[in-house]
Q: 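Dumping the structure here so I can ask a few things about it.
Proteins come first, then strands; the chains are lettered A, B, ... in the order of their sequence lines, and each starts at number 1.
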Amino acid sequence: MIELVKLSKTFSTADGQVEALKDISLRIEDGDVFGIIGLSGAGKSTLVRCINLLERPTEGHILVDGRDLTALSSRELRKARKSIGMIFQGFHLLMQRTALENVCFPLELAGVKRAEARRRALELLELVELPDKAGAYPVQLSGGPKQRVAIARALASEPRVLLCDEATSALDPKTTRAILELLRKLNRELGVTLVIITHEMRVVEQICSRVAILDGGEIQETGPVSEVFSNPRSEAGRRLVLPEGEKIHVLPENRLVRLVFDGAAATEPIVASLAARQGILLNILSADTHAIGGKTFGSMVLGLPQDETEAARALLYLREIPGLTVEEVTDYVF
Amino acid sequence: MFSEGELELLQKIISQGLLQALGETLLMTFVPTILAFVIGLPLGILLVTGDEKGIRPLPRWLMKLLHFIINILRSVPFLILLIVVLPLSRALVGTTVGTRAILVPLVVAAFPFVARLVETSIREVDPGVVEAAQSMGASTFQIIWKVLIPEARPALIANFMVALITIFGYGAMSGAVGGGGIGRIAVNYGYNRYKPLVMYFAVILLVILVQLFQSAGNVLVKKADKRIR
Ligand SMILES: Nc1ncnc2c1ncn2[C@@H]1O[C@H](COP(=O)(O)OP(=O)(O)O)[C@@H](O)[C@H]1O
Ligand SMILES: [Mg+2]
């Protein structure tokens, strides 16, 4: 199990301090496929690099199976890293080594004998479904096979965890699916915990069971993928799930109105009183209102009834209310 | 165009001293280049790994000092360095004349140059690959030995040839101040005794040698670099 405890990372640059991570606490269970999603610059890479201490956090602790990595000596840390594999967007293969020799690399580091290393490397290439490319140099391989070699290499030291930093972001959709399929297989068959860093929803949807949304260096929300994606509670979550600019057309036969509250009118009584006094039912499609000192500010989008006369009556009623701006809209954005 | 005597002289030089001169030239080229790499390779690697953002940062003052020394040595013209270093030659090889004495200033002149060449070659290695190695728990030594040097190998070979040709030129120059080899033939006969035929012969020989080194280098680099399909 990986536990991140109150992790913060501040970079000092020429232009001042950059707070890349702010007070991150996260728990990733063994055997889980955990997604960390966020826009570019959210701090995803910094976060994942903190997990194996390629980046040392300014504050906080990383506990792997209860052991605090930040407290280890450099020798112990190197040993601990062997149980945390990592793959990258740019593959980072050794360009002067063949695929097989690349997979042998971590085995050489561990002092495994040459013949034994090659045997194990071949097995690993078979595991990633790439046995016929053993003698190829990286330059002769395209993205998908390169990432497979990188995966085989990362698995050579039999890690319990595999960190994947945008591992499919350089690949086309078809190759992406195939690589994610492979990762899922490794998770199921070897029980490797996967930490999937990505900016793409579909990657999380395809293989993750849990997800954390990272924005501005902070975890905005975390939970099962189905929950977070169907009902994002955070602003960042909504922006990710329903990206800006994407118009959502609802019930084209319904007319829509946007109400803007300037503090004079109250929210609930409007919809409730329309129903009670006029017998007109309105559908609240979105609301972004704040009650400040008993007054309401913000806006709300309502769907008018299909019946034209009812719709006209509702509009008339709404326009009578002081402190409320009413405008008809054709579509809306969350 | 050339006098009868000159032609005879050339024949005499070719039959008697040429082989030895060629041997001296090759010795004065390869030995200092190799020695310059023995010093310059670790130094050049240190300049990268000891960097503030390197894999094993060293104290800032130490790095500054190293860069300073290298820059100083590199800014002294070779002929002047050669004279300045002669006392060191006496101490190290017991003489200040001849091929052996020239080896010392050649190495002193070449190792800072080689260190810079190595530094550039090593900096070309993709930092991502180094990071991947770190993520696999590689030690600093393992990263140097198994990642930096092998990944930079084509650039290192190419730069070995650059160093070789530069040192070859220094060696020929040293013919003016007591160094041996083909350079001395050119200086002695061409300049001191004014025998242009001999001088041209020596110069052409030098040019041919440089071409040979260069071509051999290109072939080696091409063979070594697996990034070329
Ligand atoms: N080594 C560094 N030095 C200074 N700032 C950095 C460094 N690494 C990352 N940052 C900054 O931290 C923020 C998060 O970066 P990163 O973790 O790479 O985001 P992501 O992977 O989500 O795109 C960015 O603002 C970036 O500029
Ligand atoms: Mg990133």
Q: Is it the side chain or the backbone of A/Leu54 that comes within 4.5 Å of chain B heavy atoms, both, or neither?
A: side chain
Q: What part of A/Leu53 lies closer than 4.5 angstrom to a heavy atom of chain B: side chain, backbone, both or neither?
A: neither
Q: Rounded to the nearest 0.5 Å, how far apart are OH of A/Tyr137 and CG of B/Asp225?
A: 10.5 Å
Q: Rounded to the nearest 0.5 Å, how far does NZ of B/Lys146 lie from SG of A/Cys104?
A: 10.0 Å
Q: With a 4.5 angstrom heavy-atom cut-off, which part of A/Arg49 approaches chain B: side chain, backbone, both or neither?
A: side chain
Q: Any chance CG of B/Leu19 has more than 12 other-residue heavy atoms, nucleotides or ligands included, within less than 6.0 Å?
A: no
Q: Report, in residue-number order, which members of residues 108-135 of chain B are under 4.5 Å from chain A by heavy-atom distance.
A: B/Asp126, B/Gly128, B/Val129, B/Glu131, B/Ala132, B/Ala133, B/Gln134, B/Ser135
Q: Is any side-chain heavy atom of A/Arg97 less than 4.5 Å from a side-chain heavy atom of B/Lys226?
A: no
Q: Say you draw a straight line from CD1 of B/Ile228 to CE of A/Met95; how long is it, rounded to the nearest 0.5 Å?
A: 11.0 Å
Q: Is atom CZ of A/Arg119 surrounded by more than 12 heavy atoms (other residues, nucleotides or ligands) closer than 6.0 Å?
A: yes
Q: What's the shortest heavy-atom distance between B/Ala224 and A/Gln96, and which atoms?
A: O-OE1, 3.4 Å
Q: If we only count heavy atoms from C-beta on, is the B/Met136 to A/Arg153 side-chain gap below 4.5 Å?
A: yes
Q: Taking side chain as everything from C-beta outward and backbone as N, CA, C, O, which of these in A/Phe105 sits under 4.5 Å from a heavy atom of chain B? Side chain, backbone, both or neither.
A: side chain
Q: Under the 3.5 angstrom rule, does the side chain of B/Gln142 hit a backbone N or O of A/Leu109 as a donor-acceptor pair?
A: yes
